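Input: a single structure, listed below in structure tokens.
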Amino acid sequence: MEDCLFCKFVSGEIAVNEVFENEDFIVIRDINPQAKNHFLVIPKKHFKYLAEMTEEDSAMLGRILKTIPELKELLELDGGYRLVINQGDDAGQTVPHLHIHVLSGQKMGWQPA
Ligand code: AMP
Ligand code: ZN
């Protein structure tokens, strides 16, 4: 999609340091980390909301969720980890391309605001 930062990362139009890539997604480090490790898992397909997903998209998202724990060394998941998907304004979604935040490497509290 034009004018989408994450689509530009996926296409290579904007260079980004990918820590992992497969046919479904890329993983990058968040520029503004909220934990010792803060990764963004970015599906290659552009859509903003879970509510927009087709059956094919939901199979793709299922593959992504299955693959994340398989990247445990790379993402430092051994001590536990948190996945976050912000949806819409109240959640603070700033990039309109669905992505999964992966937070790891430290004990975390719970602070919704
Ligand atoms: P969200 O607020 O859930 O839409 O998440 C968007 C995330 O993208 C935020 O955590 C930002 O820090 C992150 N972000 C924005 N621009 C960049 C960038 N150029 N490289 C890496 N992460 C970015
Ligand atoms: Zn996009």
Side-chain angles (χ1 to χ4, degrees):
M1 193 213 191
E2 263 180 57
D3 282 337
C4 169
L5 179 67
F6 286 180
C7 280
K8 287 179 180 170
F9 288 163
V10 167
S11 70
E13 188 181 333
I14 296 178
V16 67
N17 204 1
E18 290 170 11
V19 301
F20 181 81
E21 176 178 13
N22 73 8
E23 65 278 15
D24 290 319
F25 67 96
I26 63 170
V27 183
I28 65 170
R29 285 191 178 270
D30 197 292
I31 203 169
N32 181 23
Q34 302 299 311
K36 178 171 171 268
N37 300 308
H38 187 168
F39 301 97
L40 297 174
V41 170
I42 304 174
K44 291 187 170 178
K45 183 175 171 192
H46 179 96
F47 56 97
K48 180 174 180 182
Y49 293 122
L50 294 167
E52 294 171 58
M53 290 196 303
T54 63
E55 286 300 317
E56 212 173 287
D57 295 336
S58 74
M60 174 269 287
L61 196 62
R63 288 194 299 275
I64 291 178
L65 290 174
K66 182 168 187 305
T67 305
I68 288 171
E70 294 170 4
L71 302 175
K72 62 179 186 322
E73 280 92 15
L74 191 65
L75 305 181
E76 263 192 70
L77 305 179
D78 268 350
Y81 59 99
R82 177 172 293 165
L83 304 183
V84 174
I85 302 178
N86 290 323
Q87 293 281 270
D89 289 343
D90 278 1
Q93 185 176 9
T94 57
V95 177
H97 180 128
L98 189 116
H99 51 280
I100 305 170
H101 297 259
V102 180
L103 303 156
S104 70
Q106 66 168 85
K107 289 246 183 262
M108 286 168 257
W110 181 251
Q111 197 96 35

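Here the structure is a predicted model, which is why all the values come from computation and not from measurement. Order of listing sets the numbers, starting from 1, for every ligand and every atom in it.
- Residue L5 has at least one heavy-atom neighbour below 4.0 Å for each of these atoms of ligand 1: 16 (N).
- Of the possible polar contacts, none joining the H38 side chain to the I31 backbone as a donor-acceptor pair under 3.5 Å is found.
- If you number the atoms of ligand 1 from 1 as listed, the ones under 4.0 Å from a heavy atom of N32 come out as 12 (O).
- Among all non-hydrogen protein atoms, the one lying nearest atom 19 (N) of ligand 1 is F9 CZ, 3.5 Å.
- Closest N/O/S atom of H97 to the Zn ion (ligand 2): ND1.
- At the shortest separation from atom 4 (O) of ligand 1 among protein heavy atoms lies T94 N, 2.7 Å.
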(message) Evaluate L75 against N37 for side-chain contact (heavy atoms from CB on, under 4.5 Å), listing each step before the verdict.
(response) CA-CA 8 Å; L75 305 181; N37 300 308; over 6 Å; no

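- Salt-bridge check for R63 with E23: failed, with every basic side-chain N at 4.0 Å or more from each acidic carboxylate O.
- Residue L40 approaches ligand 1 through these ligand atoms, each under 4.0 Å from one of its heavy atoms: 8 (O), 13 (C), 22 (N).
- The N/O atoms of Q93, backbone and side chain alike, include none that comes under 3.5 Å of an N/O atom in ligand 1.
- Each of the atoms 21 (C) of ligand 1 lies under 4.0 Å from some heavy atom of I28.
- Atom 5 (O) of ligand 1 has as its closest protein heavy atom H99 NE2, 2.9 Å.
- Side-chain contact between T94 and N86 is absent, with no heavy-atom pair separated by less than 4.5 Å.
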(request) Would you sort out whether V41 and T67 count as a side-chain contact (heavy atoms from CB on, under 4.5 Å), showing the intermediate values? (result) CA-CA 11 Å; V41 170; T67 305; over 6 Å; no

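- For ligand 1, the atoms lying closer than 4.0 Å to a non-hydrogen atom of G92 are 2 (O).
- Rounding to the nearest 10°, we obtain 110° for the angle at the Zn ion (ligand 2) between H46 ND1 and C4 SG.
- From the protein, the heavy atom lying nearest to atom 14 (N) of ligand 1 is I31 CG2, 3.8 Å.
- The nearest non-hydrogen atom to atom 9 (C) of ligand 1, considering only D30, V84, I85, comes from D30.
- Ligand 1 places these atoms under 4.0 Å from at least one heavy atom of R29: 21 (C).
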(request) Given side-chain contact (heavy atoms from CB on, under 4.5 Å), test L71 with V19 step by step and report yes or no. (result) CA-CA 10 Å; L71 302 175; V19 301; over 6 Å; no

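- For E56, the CD atom is loosely surrounded, since the number of other residues' heavy atoms within 6.0 Å does not exceed 12.
- Set against the non-hydrogen atoms of F6, the atoms of ligand 1 under 4.0 Å away are 8 (O).
- With E18 contributing its side chain and V16 its backbone, the two residues share no donor-acceptor pair below 3.5 Å.
- Among the atoms of V95, some N or O lies under 3.5 angstrom from an N or O of ligand 1.
- The environment of E55 atom CD is sparse: at most 12 non-hydrogen atoms of other residues, nucleotides or ligands sit within 6.0 angstrom.
- A single hydrophobic cluster is seen to contain both V102 and I85, as judged by linkage of ILVMFWY side chains at heavy-atom distances under 4.5 Å, directly or through other members.
- Proximity of a side-chain donor or acceptor of K44 to a complementary backbone N or O of N22 within less than 3.5 Å is detected.
- Taking any N or O of H38, backbone or side chain, none lies under 3.5 Å from an N or O belonging to ligand 1.
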